[in-house]
Number of protein chains: 2
Amino acid sequence: MEAKNRVPVLSDVAKAAGVSVPTVSRVLTSSKYVAPELRERVMKAVNDLEYRPNSAARATRSGKRSMVAVLTGATSNYGYAKTIEGIELAARKAGLSVIIAVVESDSEPAVNAAIDLVLSQPVAGVIILEFDRPGLAAVKAFPSSVPMVVAGGGTRRSGSTPSALLDERSAGRDATEYLLSLGHKTVHHVAVPTMGKHSGRTQGWKSALTAAGAPVPPVLHATWEPASGYKLGLDLADQDDVTAIFCGNDDVAIGVISALLDRGRRVPEDVSVMGFDDQPHVALWRPSLTTVRQDFGDLGARAFQLLSAAVEGADGSSSSIVKPELVLRNSTAAAGSSAA
Amino acid sequence: MEAKNRVPVLSDVAKAAGVSVPTVSRVLTSSKYVAPELRERVMKAVNDLEYRPNSAARATRSGKRSMVAVLTGATSNYGYAKTIEGIELAARKAGLSVIIAVVESDSEPAVNAAIDLVLSQPVAGVIILEFDRPGLAAVKAFPSSVPMVVAGGGTRRSGSTPSALLDERSAGRDATEYLLSLGHKTVHHVAVPTMGKHSGRTQGWKSALTAAGAPVPPVLHATWEPASGYKLGLDLADQDDVTAIFCGNDDVAIGVISALLDRGRRVPEDVSVMGFDDQPHVALWRPSLTTVRQDFGDLGARAFQLLSAAVEGADGSSSSIVKPELVLRNSTAAAGSSAA
DNA sequence: CGATTTTGGGTAATCGTTTTCCCCTCTCCT
DNA sequence: AGGAGAGGGGAAAACGATTACCCAAAATCG
């Protein structure tokens, strides 16, 4: 157990096995038939020395890349983390490593810095998480020389970029229509800092309202923190005409509900509140949260699939879009159940 | 805007700038003085061509690695995600990329597969998240030829491995002592699937109980899911002697509380419940959750700092340990407040 | 059984960088 | 003015792998 043992390279293995360097390479990449006896010797040497191929050198010569990169505006929020998890799982199954690069903001220097960091590595392709403005900016600025796919909540896909999507627009519309169907005159909306006007959730909400001829209240903007939902919830609680609130995500919904309750408004009797994402714990809230279930893990897996295809050279810019499903629980109720 | 433009290499830049290849390299790495005029020309060519150094080739020749790897048993749970976020931020500031590798289980093939995946890339060093059994197994199996540091919740650090730690043991003890100080005869414990008997939280809990001469109830084992906490909570609700419960994390605590409430036991009047982690939303629970705040982002930053030092060759296996702080809220109360 | 084809494996070239040499030129000093 | 010293930059080697090329031996065929 020498402490600072030099890490073995191909020539060490070749020497140990008594063969030439290319033969070892051929055994390891199984690129050409090698006599069983030699193969045996090589494999033994590989195991004895604990040799691991240096994929940097490999990439340099062969151009075969063994890493995919994820470019994203954030990592630890629920949706981001789950999507990254899905990507990592799919990549690992395919024998690829995953490298994470965070785009600090949507400013040009930040975007370029992240892109530089990623492209300086030998990546086979890049998945950009288009959940927020930094992600959006990264998609726009990304050079066409490297295979890229988008994963996000958008609907429209202008160019020829393959995309794995969650149909947030439809989901937002469904959610809003559901609340309207309960008899609410309109639905207020607290947005999370996603892509601004381009957020599918917000778009769907607005289109449902206008389609139903309902008034469109101004959009309230929260951060990702539940506390900011709480703050906005305090304001909403004071407005008597607010009877239904569609929130940009579960954390914010929790904040809003908490504020409403603190102000003495009952949920769902006085005000119905919906979340978005269906984090595991919101089913246990009191009231349990009506929300929209998004399968982020699947999103990540689909994105990786598309990237694999793009790397293989499939030019047919296929895309996949999945519609999240409503999960009806107890934070929503018919308008006027307050009287009952 | 050619679509499939070959990505430029150093010799392209050299040609465009009318200098030799090594000169370009010297400019980019600022390894040797280059005349201002030449430097100028080179930089212009670099910008014009949008050249980005190929860090695989760079690593091959110079041995300078520009990636750190994170080896972990999971990625999307709160603590994991926040720690990874902290590592990424620190690494990005230092100009390094982060590669993530998940260790599927603590079985030997899974551990080796993850280690192989990581070590085949040109990583400067590795941070292993020792929050669970796969992480623990990875630490044990990791070869000494590559700089490595451990980040986790352990206390003991046998060998000479630098470690960034959260003192879960002390925190668990503090939490338990706090509950005992409220007059509870003993404290029940619902553990999350961390390192089994080696979990600092569980160790601290047990040591506080034995130190106080209180009976040590059997440990209940939950998964990471709130639903599993709920399940165990139903059982606990039926035992009248259960008046205080220390949970392995916030999600489980929420499940337990939910079950207690569903069974008609009041929190905190009948039963006090504590969580662990202080996720942002638990402050908004009703009752708001008493818990232990862990600064995972800081943990990640500290781990990266130690790794940097280790890579630089600092052999003094320094470690850093931070004690999480109790956050007292409303899910805990004095024993017997039920009567009041 | 001799000539031609296959086959397995070694030698050398290659990938995109960095680094070592070395040479040329410019400066400075006596 | 001539020689020593220093500094800047180019040519070539090196890094650790893969791949092109080639040759000897075995296999196939007439």
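We name chains A, B, ... by the order of the sequence lines, and we start the count at 1 in each one. For clarity, every value in this text was computed on a predicted model and none was experimentally measured. Side chains included, hydrogens not; waters and symmetry mates left out as well; all remaining heavy atoms used.
Contacts classified as side-chain hydrogen bond (donor to acceptor under 3.5 Å, both in side chains) and involving residues 8-22 of chain B (residues at least two apart or in different chains) are given here: B:R6-B:D12, B:S20-B:T23. Listed by first and then second residue, the salt bridge (charged side-chain N to carboxylate O under 4.0 Å, His left out) pairs involving residues 43-72 of chain B are A:D116-B:R52, B:K44-B:D48 (not counting sequence neighbours). Applying the salt bridge (charged side-chain N to carboxylate O under 4.0 Å, His left out) test to pairs two or more places apart or on separate chains, those with a residue in residues 74-86 of chain A are A:K82-A:E85.
A donor-acceptor distance shorter than 3.5 angstrom exists from the side chain of A:S163 to the backbone of A:T161, with no hydrogens or angles considered. Looking only at distances, no side-chain donor or acceptor of B:R133 sits under 3.5 Å from a matching main-chain atom of B:T194. Not a single donor-acceptor pair under 3.5 Å links the side chain of A:S320 to the backbone N or O of A:S318. Under a 3.5 Å cut-off, the side chain of B:R39 and the backbone N or O of B:V34 do form a donor-acceptor pair.
A search for side chain to side chain contact (heavy atoms under 4.5 Å, CB included) contacts involving A:A101 returns A:L71, A:V118, not counting sequence neighbours. Applying the side chain to side chain contact (heavy atoms under 4.5 Å, CB included) criterion to B:A301, with sequence neighbours excluded, gives no partner residue. Remark: A:F304 pairs with no residue by the ring-ring contact (aromatic ring centres under 6.0 Å, His included) rule, at least two apart or across chains. Judged as a side chain to side chain contact (heavy atoms under 4.5 Å, CB included), and not counting sequence neighbours, the contacts of B:S55 are A:S120, A:Q121, A:P122, B:S66. Residues forming a side chain to side chain contact (heavy atoms under 4.5 Å, CB included) with B:L89 (at least two apart in sequence, or on another chain): A:E104, B:R92, B:K93.
The A:P22 side chain lies nearest to C:dA12 when the options are C:dA12, D:dG10, C:dG16.
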Close N/O contacts between protein and nucleotides 21-23 of chain D (under 3.5 Å):
none

Table of protein N/O atoms under 3.5 Å from nucleotides 24-26 of chain D N/O atoms:
none

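Taking atom CZ on A:R58 and atom P on C:dC15, their separation rounds to 19 Å, with Å as the unit. Atom pair A:K15:NZ and D:dG16:C1' shows a separation of 14 Å (rounding to whole Å applied). For B:R52 and C:dT17, the CZ to P distance is 13 Å, given to the nearest whole Å. The interatomic distance linking B:D12 (CG) with C:dC15 (P) rounds to 12 Å, in whole Å. As rounded to whole Å, 12 Å separates atom P of C:dG10 from atom CG of A:L10. For B:Y33 and C:dC26, the OH to C1' distance is 14 Å, given to the nearest whole Å. Atom pair B:N54:CG and D:dG16:P shows a separation of 16 Å (rounding to whole Å applied). The separation between A:L28 atom CG and D:dT19 atom P is 13 Å, rounded to whole Å.
Residues from residues 34-50 of chain B lying near DNA chain D, meaning a heavy-atom separation below 4.0 Å, are B:V34, B:A35, B:L38 in numerical order.
When the side-chain nitrogen and oxygen atoms of B:S62 are compared with OP1 and OP2 of C:dT18, none of them lie within a distance under 4.0 Å. Considering only side-chain N and O atoms, A:Y51 lies nowhere under 4.0 angstrom from the phosphate OP1 or OP2 of D:dG16.
Axis deviation across the helix from C:dC1-D:dG30 to C:dT30-D:dA1 amounts to 40°, comparing end segments of five pairs, rounded to 10 degrees.
Within the nucleic acid shown, A:S11 has no heavy atom closer than 4.0 Å to any nucleic acid atom. At a threshold of 4.0 angstrom between heavy atoms, the contacts of A:T29 are confined to the sugar-phosphate backbone, with no base atom among them. Residue contacts shown for B:S25 include a base, since a base heavy atom lies under 4.0 Å away. A:T60 comes within 4.0 angstrom of a nucleotide base, judged by non-hydrogen atoms across all strands.
Listed here is the closest heavy atom pair of A:V103 and A:A114: CG2-CB, 3.8 Å.
For C:dT17, its base never sits under 3.5 Å from the side chain of B:R61 at any donor and acceptor pair.
For the side-chain contact (heavy atoms from CB on, under 4.5 Å) with B:S97, the qualifying choice from A:V123, A:I100, A:I99 is A:I99, the only one to do so.
Residues A:Y78 and A:W224 place their aromatic rings such that the two centres sit no closer than 6.0 Å.
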